[in-house]
Number of protein chains: 4
Amino acid sequence: MSEVSKRRLRLGMVGGGEGAFIGEVHRFAARLDDHYELLAGALSSQSEKAKRSAESLGIIRYYTDFEVMAEEESKREDGIEVVSIVTPNHLHASIAAAFLAKGIHVICDKPLTATLVQAEELLEKAKHYQAQFLLTHNYSAYPMVREARAMVKEGQLGYIRSIQVEYVQDWLTSALEKEGNKQASWRSDPSQAGIAGCVGDIGSHAYQLACFVADTQAQQVLADLSSWGEGRQLDDEANILIRFNNGAKGHLWASQVALGNENGLRLRIYGDKAGLEWSQESPNELTFSPIGLPRQSLRRGNAYLSQAASSASRIPSGHPEGYLEAFANLYREFALQLMENTKSDVLPSLLDGLHGMKFITATVVSSKQGSEWVSVS
Amino acid sequence: MSEVSKRRLRLGMVGGGEGAFIGEVHRFAARLDDHYELLAGALSSQSEKAKRSAESLGIIRYYTDFEVMAEEESKREDGIEVVSIVTPNHLHASIAAAFLAKGIHVICDKPLTATLVQAEELLEKAKHYQAQFLLTHNYSAYPMVREARAMVKEGQLGYIRSIQVEYVQDWLTSALEKEGNKQASWRSDPSQAGIAGCVGDIGSHAYQLACFVADTQAQQVLADLSSWGEGRQLDDEANILIRFNNGAKGHLWASQVALGNENGLRLRIYGDKAGLEWSQESPNELTFSPIGLPRQSLRRGNAYLSQAASSASRIPSGHPEGYLEAFANLYREFALQLMENTKSDVLPSLLDGLHGMKFITATVVSSKQGSEWVSVS
Amino acid sequence: MSEVSKRRLRLGMVGGGEGAFIGEVHRFAARLDDHYELLAGALSSQSEKAKRSAESLGIIRYYTDFEVMAEEESKREDGIEVVSIVTPNHLHASIAAAFLAKGIHVICDKPLTATLVQAEELLEKAKHYQAQFLLTHNYSAYPMVREARAMVKEGQLGYIRSIQVEYVQDWLTSALEKEGNKQASWRSDPSQAGIAGCVGDIGSHAYQLACFVADTQAQQVLADLSSWGEGRQLDDEANILIRFNNGAKGHLWASQVALGNENGLRLRIYGDKAGLEWSQESPNELTFSPIGLPRQSLRRGNAYLSQAASSASRIPSGHPEGYLEAFANLYREFALQLMENTKSDVLPSLLDGLHGMKFITATVVSSKQGSEWVSVS
Amino acid sequence: MSEVSKRRLRLGMVGGGEGAFIGEVHRFAARLDDHYELLAGALSSQSEKAKRSAESLGIIRYYTDFEVMAEEESKREDGIEVVSIVTPNHLHASIAAAFLAKGIHVICDKPLTATLVQAEELLEKAKHYQAQFLLTHNYSAYPMVREARAMVKEGQLGYIRSIQVEYVQDWLTSALEKEGNKQASWRSDPSQAGIAGCVGDIGSHAYQLACFVADTQAQQVLADLSSWGEGRQLDDEANILIRFNNGAKGHLWASQVALGNENGLRLRIYGDKAGLEWSQESPNELTFSPIGLPRQSLRRGNAYLSQAASSASRIPSGHPEGYLEAFANLYREFALQLMENTKSDVLPSLLDGLHGMKFITATVVSSKQGSEWVSVS
């Protein structure tokens, strides 16, 4: 027997205690590739709950106050190097600022903040800090989404004309927020979720996905938001027309009241040379339609794919990878960036988060003005 | 051996000579159920072509002028009782008026006319005539579309909130109209197609399908039309937001430049009790998603379907029926209506055609005004 | 107005009266392309039913005895030139012989006969007659099946190793034959259906399809037949191992008791250069998997297909063609063969029918002998 | 800040060094739910490679000899409690015996051994040991497979008649073993893989899946094995007829030369009340076809599923789980069994492994005897 050792990043987490959804996802993602050790957490502001959550997760140091945590961890020699923020949206900005200020890198769930003002303030502060920031727009980390982006950048689609993107769920068809559903409650509460409901929660994912793959951003949006759930204050459905910087036009449909849809995130992009289609519920496949030729099914794990796809994949073709693997790609790539001082151009940044907030804000403004074109800038 | 006989309707056709597409479809549809005999035709205004076309089709009496045809046929004891109009759009109104005026029933391809003014004039004239009129919105005659409508009317979807409909093709990605393609040429020529290209040609089908199934009509539309093909005068893509009379909101996407799509007509309707999805390229199936229960695949030909579906179907389940069978349903039902003096409420009428022209016109106006809401009425 | 005329084949039909299924299918098929006029029929041996059936179908001359019909029609100047036989299996041989003997061409439903002896006798007799014979193995007439065969013959699959074919239904899960279901009754009655149930009814289709596409025949079969339905005398399910003449091995599964399957006829062929998959319930698509390259979806109606597919198709891509259109291809091609004196190599013949009976017989023998390899020759 | 701690199982691994596939899968699976710490390994018998592999994986104690490892680890207070065996098949038995003898629990990849004799000897030895054993038939750990089994046990399918199962790949179409492909080399070498190639590698998975869901085992098998790859000694394709103990009949097709298939593991089971279909490449879905009712799509993560499915799932519906998550279910459940002294009835055991070897052996014998029925017992 002989002994060796390996470097792992020391990780902390804020939010994500008992009953939370996305915190658990972040933990799976952090563990999968073994680049992190989750050592500290402020998983709840209630002391007993914070302790119970930490215990059941094997997090050895627990806190109830994120500022104390940032302070204490930054002082320890074995303190955390990275923190994951998995609270409701309205807390993101202050937590991120606290850790960045102490030189601790931040992994933050989307949307960046609850309001555009918060986002702008956060970016202003962040200018003065060295620590790095990752926004977990996880859908852009699926291998076949990476392949799609690479194909667009290589010009395989030609000039892009049309983009259709949708993210459709059904879980808010009824007013669950009145029935004590925790996930529904904070997402439909303007004081926690911010100015938008469905647009912020899933529309922002759809928008980021479209921009990521088509390598562009919206110039203008025109939106028609709806609130179907009884007594619901924020939107639960949105139809948004988009004019992109690259000249393309498109439509984004986000809904949380479309019965029969679970996480129906689907992107379709059409250029003058080829079309591409991808669906999150069948993520290992990318449909490619070159002009005049048969439709092709590009599938994860095959040798004919580019480095963009293969570097984001773990197992051979035909063994499906899913949501957690894609999420874990962000954690893995961020770890490699931190440990190897490289810079990835596919990891969503603070700037991407700010742009996302501008998009959300513009759609809300457009809808309030009776569906006028509003600039996103 | 003994002899019997059977009553068939005597049919004529205007348009649909050599090189035509939709004329041939109408002839298949007329033949399938053996309720018509195609006896007379003005398949072309050129004499030689009219003769050759008639000969090859076994049409015994041929004309080069539709007015002469209407006149002569109406005088014969064995003259035609019904005429099918399968010309470019700008000719529909005058031909229809000529035959209706002579008491000959009309089956007319969509859209009703090239302009709203033509449509309104035709309806004004038609008030004075007894003959009946069928507009061939064939997609609404698929058995599972009929089932969908019946389910909506029975309240199985509850209150309808959201409608997404799309009709997507790719054949006009390149400017085929410059290369002598006959189908592309007239469809992209305002003097033949009318004020709209893609919206008139296929957007009108998608709109009619949505209204037919959801049993409603648009109150307002807001459109963003595009002309991507080089030098193309009419639209080849449209994104249209819709507010329906029943309170639902929705989006219609029509495109003829979306590579990889052939005749991608797809309808999705969501109420507060259930969702429905149907796709023309898999027409024998209807996906039904009741709240809280597994998604169901309703399939043509099964005993659990209603009369609405089974009466529009010919063969057992699992043997696919297609486009021609659905088209033939319109011909069959119109024949039964004419011969049995019943009145169907599922056959598209002159009024439906007029409404379709209002929809087309409103989208063109909205787009020209920078995507404002325009009333459809 | 001027007059022209067109040549159509004069057609008769034996069987296919009220309550029949396949007779109606043959009539649709005969009408679709307008190459036939259905003028005479012995649709039932009961006089009243024969008359009623003829009347409702517009068949002007009706008979109750097929021998009288063959005799009388052959004497008339305007007598039928072709007859369609759509009776239960045990009658095929004698009816076919009667018409062939009178110089009337025969279109006969499959399987050729009820027993191998009947088939051999029919072939013996047919040697002396000039009239032509078509066996309606309709599935081999789908455009994409024709494309598949053409690809195999061109060598696109390389050396064929493996063939999997299945035809799966569920309608005989319960013992419908005891409940007065006409289709179930004759199919499960050895005196009408012959020595096999499911194997003869649908297994024979699956076998013909595999042989047609792979351009080969079985050398040996090894079968395990089952009769699941309570009290059922004939098989309702079969698992059959096959060794083909071209060196390939394979398996055929036929079932009428597999709940959830309607007409699940599916063929998969694998060579050392490529694989092909086709499914009857999505007939407009053929999946092609060349070694090392992405899977391709070849779709009916596209310019990249061969003449084999395009000549068997009527309408543009994306407008689904179905079962009736494929069936009608056989009628159309037989008509052209009769009228133009050409010879098609894709129309199933008497010899194909005999071979099919050998296959059916060999499977029954193999199963009775405890699943031994039995030669098919 | 306060501190807590959590109990994790101390894990070792034999095999799975550089260039291995399944070892990495086991490590992902062990990490995902945080019940294990991988502390020791004999990842290679070559010292340098063993060290490099351990280092890169963060395994602190490394060995080159599994017997030394078993010996030393069993003596340490902080020695491993569980070992994962991920070597070629012929080494499984001796490694498993070595660790079990020392009281270390074993997680072993399938098939259990290279030959039936090895398996029988291992079981004989294991009788004397207390340590527990898990065979990683990972496909039976997919949530919807668990649901399927629960439905069968509840009687929702009624009396099971027919089982079709297939596991189809294409990666051995060419003779990769001649080109230095490590995975291909050992799998096609009888001295490492054992008596079977494709049947042992993937046919055994398909067989276990069918038995697991249908809650039965084979009574007799009849097999036709093939070796298509040039110069290949072991089978690369198999067609196997099966008669099950519960009275059902079926067919198993395994192939590694079927172009266009990646990991096409698919199970179809038909009873007299309902049918079930599941496909590994779309693992989050289970198709359920009750008699007389529409086909239903049961989907992972929904409230209408049973505990069997929900306890094997981590994230909400619509966010796809894949191969690693299913594999991790085995690790998680084994950990809970070890730490909580419960006994799961869904974890594949030594007895299951022995039965799998009997199945493999019977198919090889049957094929050599010209496809006779051979008992599996």
Side-chain angles (χ1 to χ4, degrees), chain A residues 142-152 154-157 162 164 213 266-279 281-310 312-313 316-321, chain C residues 142-152 154-157 162 164 213 266-279 281-310 312-313 316-321:
Chain A
Y142 272 109
M144 298 315 291
V145 169
R146 296 283 177 80
E147 183 74 12
R149 176 180 162 91
M151 293 172 78
V152 167
E154 270 176 20
Q156 292 196 42
L157 269 67
S162 183
Q164 295 281 327
V213 173
R266 184 180 177 211
L267 175 64
R268 297 180 280 180
I269 302 190
Y270 303 100
D272 60 1
K273 290 190 185 165
L276 276 181
E277 301 194 12
W278 180 79
S279 168
E281 298 197 7
S282 299
N284 295 281
E285 183 172 29
L286 175 67
T287 303
F288 176 54
S289 302
I291 190 165
L293 293 174
R295 209 181 285 175
Q296 295 177 15
S297 170
L298 309 182
R299 294 175 61 82
R300 190 194 54 75
N302 282 286
Y304 53 69
L305 298 178
S306 72
Q307 176 66 9
S310 55
S313 174
S317 65
H319 278 140
E321 286 188 355
Chain C
Y142 272 109
M144 299 314 291
V145 169
R146 297 283 177 81
E147 183 74 12
R149 175 180 163 91
M151 293 172 79
V152 168
E154 270 176 20
Q156 292 195 43
L157 269 66
S162 183
Q164 295 281 328
V213 173
R266 184 181 177 209
L267 176 64
R268 298 180 281 180
I269 302 190
Y270 303 99
D272 59 1
K273 290 189 185 166
L276 277 182
E277 301 193 14
W278 180 81
S279 167
E281 298 197 9
S282 298
N284 295 280
E285 184 173 27
L286 176 66
T287 304
F288 175 54
S289 301
I291 190 165
L293 293 175
R295 209 180 285 175
Q296 295 178 15
S297 171
L298 309 183
R299 294 175 60 82
R300 190 194 55 76
N302 282 286
Y304 53 69
L305 298 179
S306 72
Q307 176 66 11
S310 57
S313 173
S317 65
H319 278 140
E321 286 189 353

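Applying the side chain to side chain contact (heavy atoms under 4.5 Å, CB included) test to C:Ser306 and every residue at least two apart in sequence or in another chain returns C:Glu147, C:Ala150, C:Ala308. C:Asn302 pairs by the side chain to side chain contact (heavy atoms under 4.5 Å, CB included) definition with B:Glu262, C:Arg299, C:Tyr304, C:Ser317, not counting sequence neighbours. Listed by chain and residue number, C:Gln156 satisfy the side chain to side chain contact (heavy atoms under 4.5 Å, CB included) test with C:Glu154 (two or more places apart in sequence, or in another chain).
Taking 4.5 Å as the heavy-atom cut-off, the residues of residues 285-295 of chain A that approach chain C are A:Gly292, A:Leu293, A:Pro294, A:Arg295, ordered by number.
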